[in-house]
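Single-structure report; data block below.
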Amino acid sequence: MRKTFRVRRRLFAAATEKVAVDGLDLEIPRGRVTGLLGLNGAGKTTTIKILSTLLHPSSGEVTVDGLDVVRDAREIRRRINLIAGGERMVYARMTGRENLFYFGNLYGVPNRVLRRRSEELLDLVGLSDAADTLVEQYSRGMTQRLSIARGLVNEPDYLLLDEPTLGLDAPIARDLRKVIGRLVDDGKGILLTSHYLDEVEELCGHVYVIADGRHLAAGSPRELTALTRSDHLTAVTLPRADEQVVAAVQAFADRIGAAVVTEPDDTGALVVRLTHADDIVGALVMAIVAAGGTIGGLETRKPTLESAILSLTADRVRGAVRA
């Protein structure tokens, strides 16, 4: 899949080609949340708009259940829906209930079904009491909750979520994640973009990482984190800076190739920080105890999906500079 745009930087300047998506190869199966991650400008939203038939790809094949997104756009729209955080996807001068009826009718949902489904969705997103209030009187969070209900009004087989929890309070965001889990259990296919990487790690079984519209890496959140070999950080506080214990820690670090930084804290205790590609907490504690030392405090920081994405993106930038 490839998408380019013609852009002019000045009014009478010659148009140039901007590549937004460049050769992406994605698969979004049913029964799984698939993540699409990258820094701002990576091409995530353009990709989602192509999958939702809002944009035509410049080249390449894009299908939903074997249907082409250009030739079969009308049929595809019956099977998918889009929820985009931060964008107005409902009408401000309608009530919440009127919005659901309006969009439900666009999807051809029978009125008798739509009445029941609207009530269920309004209850699901906590807007039953505001169902007959104009959306222009809603808060940002309420508007986003209504957008979520609108995205489910046609019971789509595939749901495209572009920053769906943006602007939502933590309890509502948590409830939405539960809804997404139930949809996956029902066999829905979901594509998720989100800057909340804890959300991605909780929900996604598979993640694609992109930059400049190109594929960087793919795998489960755990696999991506391991792929970049980001370091574990272990900080241990030694109440007494005993030379024998410090020497034992240094010998341990040298043996496994860990980097070591030591500094006193405000109480005079010695804080030793070790970074290593693997989890070394258990072995470190045993080395300290064997040397006769005591531990006043212990902190660990594991590699995160965020550090993995930053590392992958930085590698891409360095590669581009070298090229």
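As the structure is a prediction and not an experimental result, all values here were calculated from the model.
Here the side chain of S58 pairs a donor or acceptor atom with the backbone of T4 at under 3.5 angstrom. Side chain of R78 to backbone of P156: no donor-acceptor contact under 3.5 angstrom is found. Within the 3.5 Å criterion, the main-chain N or O of K188 finds no donor-acceptor partner in the side chain of D186. In this structure a side-chain-to-backbone donor-acceptor pair under 3.5 Å is present from E223 to S220. Between the T193 side chain and the E163 main chain, a donor and an acceptor come within less than 3.5 Å of each other. A side-chain donor-acceptor contact under 3.5 Å links D265 to the backbone of A269. In this structure, K3 contributes its side chain and H56 its backbone to a donor-acceptor pair below 3.5 Å. Judged by distance alone, the side chain of K44 and the main-chain N or O of L39 form a donor-acceptor pair under 3.5 Å. No donor-acceptor pair closer than 3.5 Å links the side chain of S118 to the backbone N or O of R115. Put simply, the side chain of D72 never gets that close to the backbone of E75: no donor and acceptor are under 3.5 Å apart.
For the residue pair T45/D162, the side-chain donor-acceptor check at 3.5 Å is satisfied. Residues N81 and Y107 bring a donor and an acceptor atom of their side chains to less than 3.5 Å of each other. Side-chain contact, D22 with H215: no donor N or O sits under 3.5 Å from an acceptor N or O. Judged purely by distance below 3.5 Å, without hydrogens or angles, the side chains of R97 and T95 never pair a donor atom with an acceptor atom.
Crowding of E299 atom CD: a count of heavy atoms from other residues, nucleotides or ligands under 6.0 Å not exceeding 12. In this structure, D129 places its CG atom where only 12 or fewer heavy-atom neighbours from other residues, nucleotides or ligands lie under 6.0 Å away. For CZ of F101, the number of neighbouring non-hydrogen atoms (other residues, nucleotides, ligands) closer than 6.0 Å is greater than 12.
For the side chain to side chain contact (heavy atoms under 4.5 Å, CB included) criterion with Y102, the lone passing option out of L106, N99, N105 is L106.
Across S147 and M89, no two heavy atoms sit closer than the pair OG-CB, 4.1 Å. In terms of heavy-atom proximity, R117 sits nearest to L152 at CD-O, 4.3 Å. Between L192 and C204, the closest heavy-atom pair is CD2-SG, 4.0 Å.
In this structure, the side chains of I280 and F252 come closer than 4.5 Å at one or more pairs of heavy atoms. A heavy-atom distance below 4.5 Å is not found between the side chains of T63 and V69. R93 has its side chain out of reach of V135: every pair of non-hydrogen atoms, C-beta onward, lies at least 4.5 Å apart. Taking 4.5 Å as the limit, every side-chain heavy atom of R145 sits out of range of all side-chain heavy atoms of Y138. Side-chain contact between I190 and L183 is present, with heavy atoms from C-beta onward closer than 4.5 Å. Inter-residue side-chain proximity for M1 and D25 is flagged as unmet; no heavy-atom pair is nearer than 4.5 Å.
We find that E201 and R222 are not joined by a salt bridge, their nearest charged nitrogen and carboxylate oxygen being 4.0 Å or further apart. The residues E17 and R6 are annotated as not salt-bridged, no charged nitrogen and carboxylate oxygen being separated by less than 4.0 angstrom. Ion pairing between R273 and E263 holds under the 4.0 Å rule for side-chain N and carboxylate O.
Note on residues 57-67: pairs passing salt bridge (Lys or Arg N to Asp or Glu O under 4.0 Å), not counting sequence neighbours, are R30-D65, D65-R79.
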